[in-house]
Protein chains: 2
Amino acid sequence: MKIIAVDAMGGDHAPQAIVEGVNRAIAEFKDIEIQLYGDEAKIKQYLTATERVSIIHTDEKINSDDEPAKAIRRKKNASMVLAAKSVKDGQAHAVLSAGNTGALLAAGLFVVGRIKGVDRPGLLSTLPTGDGNGFDMLDLGANAENTAKHLHQYAILGSFYAKHVRGISSPRIGLLNNGTESSKGDPLRKEVYELLSADESLNFVGNVEARELLNGVADVVVTDGFTGNAVLKSIEGTALSIMGQLKSAIQSGGLKAKIGAFFLKDNLYSLKGSLDYSSAGGAVLFGLKAPVIKAHGSSDATAIYYTIKQIKKMLDTDVVAKSVAAFTEE
Amino acid sequence: MKIIAVDAMGGDHAPQAIVEGVNRAIAEFKDIEIQLYGDEAKIKQYLTATERVSIIHTDEKINSDDEPAKAIRRKKNASMVLAAKSVKDGQAHAVLSAGNTGALLAAGLFVVGRIKGVDRPGLLSTLPTGDGNGFDMLDLGANAENTAKHLHQYAILGSFYAKHVRGISSPRIGLLNNGTESSKGDPLRKEVYELLSADESLNFVGNVEARELLNGVADVVVTDGFTGNAVLKSIEGTALSIMGQLKSAIQSGGLKAKIGAFFLKDNLYSLKGSLDYSSAGGAVLFGLKAPVIKAHGSSDATAIYYTIKQIKKMLDTDVVAKSVAAFTEE
């Protein structure tokens, strides 16, 4: 039985979306057990699952505007902190929260703890590509600064994730850079290029440019947390902006546009679906002793369900234990 | 009379697109003169303008895969190099090329030369926003690395550009960062934040996130060349990918989708138009003694025409001379 500690109080639609996602996951997956941390009365309003689920009541929670490190230190009984402690104490195998990202990163680092040998855990997400296969990218912003050694570790961690969780036998690793030639980049990129080229355990395919990311040039893309954060937000912002412009063009376009939109409805939905991150799971703070997963703040029940599915996959394939072994051997 | 030196041989559709853009600009703007550098016979095939235009013949040109610095040194008679020399020698007031970006940056730095006091000229473009106003961003990749001082200079240069060329009286300057709070970022961002806050000549509005760029959070966004390059290419790549997916969804969507697309045609065109960079002009290597402008490699005649219009505006408003004065005063 895999036990997942869920912060029921984090996210824009908590606890409803969280609990409804849990209901669906409990019904679907017979070998998981869920611990729900948060306000018992509110959780019970939405909880329909009756087996393999327990509620651990607490009044305290971390807000989206709390200062992360301070919140973790001071709010010792916050739902997110108790969920992380459950993993640390061996009562659960993974943590899920849709709450304050910074606080969850802090809880991951200071409560769950790093894998020995991983200097700076990185935030990894699976992003959609045009061909539907997607790619993993890290660090998406757990760190504001990284060294070449950190990026080398991200390549190893990302390769493990793509192999075990996504089933890619020899994941192609790309280094995000300002050109594809091997001589490109700042001193950091040049140093990383050398490290990745020399590591025979990796299928390093060289430098990749941001313009090609959504075309599936690599299965895993490594970068520093500052650049990863900027690239992820640029992709999200551009997609939102275009979809918004398309919508307002249709709405202000009169009858003709509305007829067109009616006939094109299915196609526009499928486009929206291919840009939708909700079935891709959450962001993994990878490099910790157990899976710590951040679902998007705006997650609905479907997104929570898929994130639990992702966590189950991580636990079933034992990807964290395998990463621990890889870093301990070194 | 403003004289613009044009590399007729650079770009995917050279010399045809270049020369046709020049024809249109000569007809439209009565106070400019164009020098066309390149293969005389080929240029003449497309040249219809008969006044204020001259051809300076050369057989040599820089290719898109030439190593930039080496090409500038060895191909002394390349059309791009001769155009840059014309500015250096006082025979022209600005250079335009749609050719090899790296080579044009090198020609700008080593032939045209930096403004005294500007350490590292940056690449500036005006990018589209949903509201149609656009924003200027630099450095978009002229440099692989930048210091805080460079970014401070970009804020000053960008502010000059937005004010004089785009007519914004007090341009809002934003610093691209991984969060909006003043404490955010790596040591470089923190140092830049202090410098921009302390400079009373700037209308500094604080940190801006990549997700908000296309929503017009600032008139000028400053960042280092590595991040700027990654963000620009992420925006371009995402826009291309979404438009490509929309197109293939319609094409594979059967009769119903085609009827819908027919009725929505105008709206889809207007969306495409709002994402189209061709009327926004080229990228300016800003911080040099004269305007050096890179038009997109895939530029058609319309894009070249708008880039010449942009150069005329830069010359009419004397933005470079004003920048020189600002940096000399310091």
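All chains are named by letter (A, B, ...) in the order of the sequence lines, taking the proteins before the strands, and each is independently numbered beginning at 1.
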Undergrad: Can you tell which of A:L240, A:T238, A:V231 makes a side-chain contact (heavy atoms from CB on, under 4.5 Å) with B:T238?
TA: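 In the set A:L240, A:T238, A:V231, the residue that makes a side-chain contact (heavy atoms from CB on, under 4.5 Å) with B:T238 is A:T238.
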Undergrad: Work out which heavy atom in A:G237 is nearest to a heavy atom in B:L214; give both atom names and the distance.
TA: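 Minimum heavy-atom contact is O-CD1, 4.5 Å.
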Undergrad: If you take all heavy atoms of B:A210 and A:A230, which pair is closest and at what distance?
TA: CB-O, 3.3 Å
Undergrad: Where do B:F226 and A:N177 come nearest, in terms of heavy atoms and distance?
TA: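 It is CE1-OD1, 3.4 Å.
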Undergrad: Return the OG to CD distance between A:S241 and B:E212, rounded to the nearest 0.5 Å.
TA: 10.5 Å
Undergrad: Please rank A:G141, A:G185, A:G244, A:P187 by heavy-atom pairs under 4.5 Å with chain B and give me the top one.
TA: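 It is A:P187.
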Undergrad: When heavy-atom pairs shorter than 4.5 Å are enumerated against chain B, which of A:E145, A:K184, A:R189 gives the highest number?
TA: A:R189
Undergrad: At a heavy-atom separation under 4.5 Å, does B:N178 approach chain A through its side chain, its backbone, both, or neither?
TA: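 Both backbone and side chain of B:N178 come within 4.5 Å of chain A.
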Undergrad: So which atom in B:S234 and which in A:I235 form the shortest heavy-atom distance, rounded to 0.1 Å?
TA: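 So the two residues come closest at CB-CG1, 4.2 Å.
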Undergrad: Out of curiosity, B:N229 CG to A:E209 CD, how far, rounded to the nearest 0.5 Å?
TA: 6.5 Å
Undergrad: What are the two closest non-hydrogen atoms of B:A144 and A:D186, and how far apart are they?
TA: O-CB, 3.5 Å
